[in-house]
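Below is one structure, written out as structure tokens; comments come after it.
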Amino acid sequence: MEVKIGVQHVTRELVLESTQSAEEVQAAVAAAIGGSPTLELVDDKGRVLVVPSASIAYVEIGVEESRKVGFGS
């Protein structure tokens, strides 16, 4: 799933493909906004993205979709 993170005072957003579920991402964002000093997400290659909670402007969580396989997709 695609996750976009807007950072305050930065014109470009952070975009990552994550294997985490929408619920896991939402829980991590809620924890960061609720008092955790950082938002930590893991992308589909195992890399960890760490964003200071105070810098988060918005988080857009994409829909989970199954991968299409074959010629008719």
Side-chain angles (χ1 to χ4, degrees):
M1 125 180 26
E2 183 178 70
V3 179
K4 295 180 183 180
I5 303 170
V7 180
Q8 294 179 4
H9 310 296
V10 177
T11 56
R12 293 183 59 180
E13 59 193 10
L14 302 173
V15 180
L16 71 132
E17 288 290 329
S18 180
T19 57
Q20 294 175 295
S21 70
E23 291 81 21
E24 291 173 325
V25 173
Q26 189 172 0
V29 171
I33 293 172
S36 178
T38 60
L39 169 62
E40 299 180 13
L41 298 174
V42 180
D43 73 359
D44 59 352
K45 295 180 181 163
R47 298 177 291 201
V48 178
L49 176 74
V50 180
V51 180
S53 298
S55 299
I56 297 172
Y58 66 89
V59 178
E60 181 180 318
I61 303 170
V63 292
E64 295 180 49
E65 42 183 69
S66 60
R67 295 182 181 241
K68 298 178 181 179
V69 178
F71 293 106
S73 41

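The structure displayed is predicted, hence computed values, not measured ones.
- Applying the salt bridge (charged side-chain N to carboxylate O under 4.0 Å, His left out) test to every pair with at least one member in residues 45-61, sequence neighbours left out, gives these pairs: Asp43-Arg47.
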Identify each donor-acceptor pair in which a side-chain atom of residues 24-41 lies under 3.5 Å from a protein atom, sequence neighbours left out, and give them as a table.
unit_1 : atom_1 : unit_2 : atom_2 : d
Glu24  : OE1    : Ser21  : N      : 2.8
Ser36  : OG     : Thr38  : O      : 3.3
Thr38  : OG1    : Glu40  : OE2    : 3.2

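- In this structure, Val10 is a member of the same hydrophobic cluster as Ile56, with clusters built from ILVMFWY side-chain heavy atoms closer than 4.5 Å.
- Here Arg12 pairs with nothing under the side-chain contact (heavy atoms from CB on, under 4.5 Å) rule; sequence neighbours left out.
- Of the possible donor and acceptor atoms, none in the side chain of Ser18 sits under 3.5 Å from a partner among the backbone N and O of Met1.
- With a 4.5 Å cut-off on side-chain heavy atoms, Leu16 and Leu14 do not count as touching.
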